[in-house]
Amino acid sequence: MTRVVPRFDILAAAKYASPSDGQEEKKRISLEEVFGENLFGLHQMKSRLPKPQYQALLSTVRNGTELDPSVADAVAVAMKEWAIEKGATHFTHWFQPLTGLTAEKHDSFLNPTGDGRAIAEFSGKELVQGEPDASSFPSGGLRATFEARGYTAWDPTSPAFLIQGSGAAYLCIPTAFASWTGDALDKKTPLLRSIHALDEQARRALRLFGSPPKPVRATMGPEQEFFLVDEEFFYRRPDLVTCGRTLFGAKPPKGQEMEDHYFGSIPERVLEYMNDVELELYKLGVPLKTRHNEVAPGQYEMAPVYEDANQAADHQQLMMSTLRRVARKYGLVCLIHEKPFAGVNGSGKHLNWSFGTEDQNLLEPGETPHENMQFLFFCSAVLKAVARHQDLMRASVAHAANDHRLGANEAPPAIISAFVGDQLQDVFEQITNNGGAAKSSKSGGLMGLGANVLPRLPKHAGDRNRTSPFAFTGNKFEFRALGASQSISFPATVLNTIVAESIDDLCGKLESALENGTSFEEALRGLLSSEAKEFEHVIFNGDNYASEWVEEAERRGLLNRRNTMEALPALVDPKNAALFERYGVLSHRELESRYEIYVDQYFKTVNIEGETAADIAGTMVLPAATRYLHDLVTTAHRADGVDVLVQGVLATARKVSGLIDELTDKLDVLVEQNAELGGDDVFSKAEHMRENIIPAMTAVRGVVDRLEKIIPDDLWPMPTYRDMLFVK
């Protein structure tokens, strides 16, 4: 029989030797000393800057005052000296273009003096502004290809940091990125604008409540899910290398059915990897807090505590790049795709979001929420925003990879609703029915566990709901529809902006009532009562996975945008365009550009997958199936000569032959559809991907996965799910 040498070695992957094997016990590390050691934050600035410059910069960072240009030179000198002391030779303006990734161009600190020598210099001008080439970044029509000029602008509210490698170190300066015409070409600029809009409206509301109008900041804490696979397998899978996910793969005998992976003991190799990731991120000031096994085999999660939204967005980008980079040290590859493996849970990125002053979380209900009118005001503003802009929230998480998990029994559905829990739902029902007055809050009390040695636990007044796309979880909302690979900046920009609008609207109604002589308490009760009726249809505390919910949601008038191409047009809906324009977050041009970019990214993502699927099926799977058919036919022919019955061999040969014919037919369709891109503009191309390429890929996959269950292991050309998910 024809045999091939396996293209991968399972034993080599399983016997991987970690970097610490054979070494002496690692030196104990003081986390307090390590945290932020590669961060040029306020602590470093205070010790290195003259007091007037430090105070001016502190005012910008904490109060949002305009940056004093004279501060830049002092900061530049201090920043350069600190970086060089730590081994840096270059600096870069680190920015977040509309690719969803980060970008950097390195410049040396060294400047020749003209006499054969050189000195290290870094000026305030170099700190404040850079000029990278903007022509090769997506702009959605904002810039023609030949229009190359772009600018990076220093963001003083996000500290500079040092990236250290084995052979080099360089200083990273977080910056915004804009075109020569002043249009935002990045994720950071709209986020900063939205933070300002939320701050402005929330301060206005606090003044109405008689509170000091302190700066209000959005805060975030994103949970990051990911898979780890051995390099030995990754580089034998062209689909993983090219697309970040497997385009083929039969369901293994064991997946996540036993529910034994979630919160299980972390494998030793993975634990060592996580320790290393944490150390790298601690040095950069990223406040990682939790780590654990996730639901699917080979899947894990790490998450930070909450911090300022702008820094959280920067830290999330650093976290993804660090997860990928450090994995290679351990012979692993980190997959941050939303659905690397069919049949098991995909990966999301739950965005925990709130807002408040330095000393007060404005979404903290307290022990008696029914009496906390300020909390009820701000919570109502959030729910009002969700009810009005469910389409925009859905669009903010729409991309090709996320289509694989939204709506499955592993992630919230594409229907945007809000979970508030039994306690808050009861309070809002009282407000609706009693003219804005709520008289009680359900109490959780204490829970006994039936054994005297176990403590009586404080019990929350309501359970959690892991199926809700937008859930109130005690003092924050958890936006659970984000995909694992996406930047959190745009979903956060949307949340900040729509809540700013709601607060603005509620404040306007309160102010109008006060001008007409109504007391504040009476005006507030009336407002909360009327608003609760308007957003009650978006509150759902039940099972979002149930088919009955889809029908009920439709009756409630909630939207169900099932895929990216249905969701994205909401970005340029007139009400949403007016929203972003009104609060100075995105101009109409900037919004249109993002719509075009996101559609283009959808088209290119599916196009690459379609071409890759055809390549693998035609050059790897089909030849393997043909070899096996040849072996079967040869065996049957030789057996016939010695009068051996081979009915089973012939039956298998007929089955394989039929699958080869079926695969050839379906592959021809996929190749034909790949060649037909679907039109001249990106929107028609993207529709062609959705309507034709995805069904054609699905059809090919169905045949390939059946062949995988028949063809011998030594002939199958790729690592299987069994190998990739369980060998660590």
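Remember, it's a predicted structure, so these values are computed and weren't measured experimentally.
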Got [X] and [Y] here, is their nearest side-chain heavy-atom distance under 4.5 Å?
| X | Y | result |
| --- | --- | --- |
| L271 | P267 | no |
| H350 | L482 | no |
| W353 | F479 | no |
| E708 | F248 | no |

Which donor-acceptor pairs under 3.5 Å do the side chains of residues 287-295 make with protein atoms, sequence neighbours left out?
residue	atom	partner	partner atom	Å
R291	NH1	N275	OD1	2.7
R291	NH1	E278	OE1	2.7
H292	NE2	E301	OE2	3.3
N293	ND2	H261	O	3.3
N293	ND2	G264	O	3.4
N293	ND2	S265	O	3.4

Mind listing the side-chain donor-acceptor pairs of residues 663-674 below 3.5 Å, one per line with the distance, residues two or more places apart or on another chain?
residue	atom	partner	partner atom	Å
T664	OG1	I660	O	2.8
N674	ND2	G610	O	3.0
N674	ND2	L670	O	3.4

Would you call [X] and [Y] a salt bridge, using N to O less than 4.0 angstrom?
| X | Y | value |
| --- | --- | --- |
| E609 | R245 | yes |
| K604 | D600 | yes |
| K329 | D276 | yes |

Residue pair [X] / [Y]: nearest heavy atoms and the distance that separates them:
| X | Y | answer |
| --- | --- | --- |
| N541 | F419 | OD1-CD1, 3.2 Å |
| Q486 | P491 | NE2-CG, 3.6 Å |
| I416 | L558 | O-CD1, 4.1 Å |

**Item:** Atom CZ of R562 with >12 non-hydrogen neighbours under 6.0 angstrom
**Value:**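 Result for CZ/R562: open.
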**Asked** Does a sphere of radius 6.0 Å around NZ in K655 hold more than 12 heavy atoms from other residues, nucleotides or ligands, not counting ones at 6.0 Å or beyond?
**Response**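 12 or below, so no.
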**Item:** T564: partners by side-chain hydrogen bond (donor to acceptor under 3.5 Å, both in side chains), with sequence neighbours left out
**Value:**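 For T564, the residues satisfying side-chain hydrogen bond (donor to acceptor under 3.5 Å, both in side chains) (neighbours in sequence not counted) are D403.
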Testing the 3.5 Å rule here: is there a donor-acceptor pair between the side chains of [X] and [Y]?
| X | Y | answer |
| --- | --- | --- |
| Q317 | K187 | no |
| Q299 | S347 | yes |
| S485 | E338 | yes |

Name all residues meeting the salt bridge (charged side-chain N to carboxylate O under 4.0 Å, His left out) criterion together with [X]; count only those two or more places apart in sequence or in a different chain, and write none if there are none.
| X | value |
| --- | --- |
| D661 | none |
| E554 | none |
| E676 | none |

**Message:** Parallel, tilted or perpendicular: which one describes the rings of Y721 and F341, with boundaries at 30° and 60°?
**Reply:**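 Correct class here is perpendicular.
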**Message:** So, applying salt bridge (Lys or Arg N to Asp or Glu O under 4.0 Å) with D230, which one of R269, R237, R328, R236 is it?
**Reply:**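 Checked R269, R237, R328, R236 against D230; only one passes salt bridge (Lys or Arg N to Asp or Glu O under 4.0 Å): R269.
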